[in-house]
Number of protein chains: 2
Amino acid sequence: MVELQTHPIDTVFHALSDGTRRRMLRELAQGERTVSQLAEPHDMSLAAASKHIKVLEGAGLIRREIHGRTHLCRLEPGPLATAHEWLTFYERFWTNRLDILERLLREEDAQKSARDELQKNPLKSPAPQKSETEPETGEDR
Amino acid sequence: MVELQTHPIDTVFHALSDGTRRRMLRELAQGERTVSQLAEPHDMSLAAASKHIKVLEGAGLIRREIHGRTHLCRLEPGPLATAHEWLTFYERFWTNRLDILERLLREEDAQKSARDELQKNPLKSPAPQKSETEPETGEDR
DNA sequence: TTGTAATTCAACCATGTGGTTGAATATGCG
DNA sequence: CGCATATTCAACCACATGGTTGAATTACAA
């Protein structure tokens with residue numbers, strides 16, 4: 001359908017929609033890697049891996065530094081920050097939701113027993129509690 | 001390529017990689033919308049819009065409530081939270097970067113004048129500063 | 001009941017995507 | 001130089017994607 005005027009964030013989200021590429025990013029989070037190093041754990045031809053790397057590069061998610069015949073890739077976090085920021089707009093929805101649930105519970109149990117505990121301990125968002133460790137989401141192996 | 005074992009987050013990022021669908025989400029952030037309401041601003045057939053909506057639904061990004069012959073769609077923020085959390089893993093890269101820049105500046109200007117101000121005001125991440133308003137990213141019109 | 005409105009379905013089409021293989025292009029090394 | 005290494009290129013293939021149109025389905029309303 002031709003898709004003239006592709007927004008940059010299109011290519012970022014598209015790049016992230018593939019498990020192989022997400023695994024490559026996760027690998028690059030550990031440090032620089034050559035193309036063959038990135039390709040090695042993936043059961044596919046080097047040419048296929050090379051294409052994936054080019055998709056990541058096209059999205060600005062990695063940069064490549066050519067040293068002789070080897071290409072060193074490094075993570076480029078800018079687009080990830082952009083995507084993160086984009087999603088942040090919707091943050092109020094998954095936090096609001098908890099506030100609403102809390103309010104509903106409080107109203108429903110208005111004459112029940114648990115009211116006092118809830119009011120003293122308002123459970124202000126049960127917390128994702130996993131930002132510094134690797135998220136299991138996105139089959140990171 | 002068959003793609004057996006598609007990870008849920010694949011479909012979320014894929015759904016987000018299309019401007020039309022992102023605009024629909026943005027619309028749904030304002031409140032519930034019917035299929036034709038969602039389709040209206042987009043220059044395409046109703047059937048095409050219906051497909052986009054089904055992609056969003058398949059990614060769990062929206063839920064549909066059928067009222068007679070109209071389908072009411074509402075935003076379902078869970079997968080957005082998941083994607084946001086996934087990206088959070090990389091947050092240290094775009095914040096670290098600032099720390100590194102800061103350190104470099106401090107070393108470079110070790111004998112220059114601006115050192116004292118930098119040390120007293122360590123500019124701990126200049127802050128995205130736009131989480132509550134609409135991000136311009138993703139051509140939100 | 002009859003028509004119209006809301007939505008999906010089905011078939012079709014052009015293009016994109018992710019993979020393959022084999023050849024090409026450099027670069028480093030003995 | 002001559003060979004192996006690292007990577008890309010080009011052609012090809014199967015299937016997905018995003019769009020179209022026209023018919024089908026279902027529900028409301030006169």
Side-chain angles (χ1 to χ4, degrees), chain A residues 1-25 27-28 32-59 61-74 139, chain B residues 1-25 27-28 32-59 61-74 139:
Chain A
M1 46 66 267
V2 175
E3 187 65 59
L4 52 164
Q5 181 77 320
T6 305
H7 197 278
I9 209 172
D10 284 22
T11 68
V12 173
F13 280 131
H14 171 252
L16 293 179
S17 75
D18 183 282
T20 299
R21 291 192 288 261
R22 285 198 307 276
R23 263 174 267 124
M24 286 177 166
L25 286 183
E27 188 73 19
L28 287 171
E32 305 181 340
R33 295 288 187 274
T34 70
V35 168
S36 20
Q37 282 176 333
L38 282 177
E40 190 269 326
H42 302 284
D43 190 19
M44 64 180 64
S45 70
L46 236 170
S50 172
K51 283 190 194 176
H52 280 296
I53 291 171
K54 238 173 298 186
V55 170
L56 290 170
E57 206 178 5
L61 288 163
I62 69 178
R63 255 179 42 215
R64 182 194 305 243
E65 207 167 86
I66 302 181
H67 283 116
R69 59 181 164 176
T70 76
H71 298 198
L72 255 224
C73 301
R74 63 160 46 80
E139 80 279 6
Chain B
M1 48 63 272
V2 175
E3 187 66 57
L4 51 166
Q5 181 77 323
T6 305
H7 197 280
I9 209 172
D10 283 22
T11 67
V12 173
F13 280 132
H14 171 251
L16 293 179
S17 75
D18 183 282
T20 298
R21 292 191 288 261
R22 285 198 307 276
R23 261 173 268 123
M24 286 177 166
L25 286 183
E27 188 72 20
L28 287 171
E32 305 181 339
R33 294 287 188 275
T34 70
V35 169
S36 20
Q37 281 175 333
L38 282 176
E40 189 269 326
H42 302 283
D43 189 19
M44 63 180 64
S45 70
L46 236 169
S50 171
K51 284 189 193 176
H52 280 296
I53 292 171
K54 238 173 298 188
V55 170
L56 291 170
E57 206 179 5
L61 288 163
I62 70 178
R63 254 178 44 215
R64 181 194 306 245
E65 208 167 87
I66 303 183
H67 283 117
R69 59 182 165 175
T70 77
H71 300 199
L72 254 223
C73 301
R74 64 160 46 78
E139 82 279 6

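By convention in this document, chain letters (A, B, ...) are assigned in the order of the sequence lines, proteins followed by strands, and residues within each chain are numbered from 1.
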Undergrad: With a 4.5 Å limit on heavy-atom distance, are the side chains of B:Arg22 and A:Ile9 in contact?
TA: yes
Undergrad: What integer distance in Å separates B:Met44:CE from D:dT21:P?
TA: 13 Å
Undergrad: Quick check: on DNA chain C, is the nucleotide nearest B:Thr34 upstream (toward 5') of the one nearest A:His52, or the reverse? Name the residue that is more 5'.
TA: B:Thr34
Undergrad: Please report the shortest heavy-atom distance between B:Ser17 and A:His14, naming the atom on each side.
TA: CB-N, 3.5 Å
Undergrad: Find the distance A:Ile62:CD1 to D:dT7:C1' and express it as a whole number of Å.
TA: 13 Å
Undergrad: Just compare D:dG19, C:dG19, D:dG22 and give me whichever is closest to any side-chain atom of B:Ala47.
TA: D:dG22
Undergrad: Does A:Lys54 place a side-chain N or O at less than 4.0 Å from the phosphate oxygens OP1/OP2 of D:dC9?
TA: yes
Undergrad: Could you check whether any side-chain heavy atom of B:Met44 comes within less than 4.5 Å of a side-chain heavy atom of B:Thr20, counting everything from C-beta outward?
TA: yes
Undergrad: With respect to the side chain of A:Ser36, which nucleotide from D:dT7, C:dA10, C:dT20 is positioned closest?
TA: D:dT7
Undergrad: Can you give me the closest heavy-atom contact between B:Leu56 and B:Ala15, atom names plus distance?
TA: CD2-CB, 4.3 Å
Undergrad: Atom CG of A:Leu16 to atom P of C:dG18: distance rounded to whole Å?
TA: 12 Å
Undergrad: Starting the side chain at C-beta, find the nucleotide from C:dG19, D:dG18, C:dG18 nearest to A:Arg21.
TA: C:dG18
Undergrad: Where the side chain of A:Leu46 is concerned, which of D:dA10, D:dT7, D:dT20 is the nearest nucleotide?
TA: D:dT7
Undergrad: Which nucleotide, D:dG22, C:dT7, D:dG18, lies nearest any side-chain atom of B:Thr70?
TA: C:dT7
Undergrad: Can you work out whether A:Lys51 or A:Arg64 has the more 5'-proximal nearest nucleotide on DNA chain D?
TA: A:Arg64
Undergrad: Report yes if some heavy atom in the side chain of A:Lys54 is under 4.5 Å from a heavy atom in the side chain of A:Arg64; otherwise report no.
TA: yes
Undergrad: Between the base of D:dT5 and the side chain of A:Arg69, is there a donor-acceptor distance below 3.5 Å?
TA: yes
Undergrad: With respect to the phosphate group of C:dG19, does any side-chain polar atom (N or O) of A:Ser45 fall under 4.0 Å of OP1 or OP2?
TA: no
Undergrad: Both A:His14 and A:Asp43 contact DNA chain C. Which one's nearest nucleotide lies toward the 5' end?
TA: A:His14
Undergrad: Could you state the CD1-C1' distance from B:Ile53 to C:dT8, rounded to the nearest angstrom?
TA: 11 Å
Undergrad: What is the distance, rounded to the nearest whole Å, between atom CD of A:Glu40 and atom C1' of D:dT5?
TA: 16 Å
Undergrad: Roughly, in whole Å, what's the span from NE2 in B:His67 to P in D:dT26?
TA: 19 Å
Undergrad: Identify which nucleotide among C:dT8, D:dT20, D:dT7 has an atom closest to any side-chain atom of A:Val35, counting heavy atoms from C-beta outward.
TA: D:dT7
Undergrad: Expressed in angstrom and rounded to an integer, what is the separation of A:Leu72 atom CG from C:dT27 atom P?
TA: 16 Å
Undergrad: Does the side chain of A:Glu27 come within less than 4.5 Å of A:Gln37's, by heavy atoms?
TA: no
Undergrad: Calculate the interatomic distance between B:Arg22 atom CZ and D:dG18 atom P; express it in whole Å.
TA: 12 Å
Undergrad: Indicate whether OP1 or OP2 belonging to D:dT8 is found under 4.0 Å from a side-chain N or O atom of A:His71.
TA: yes
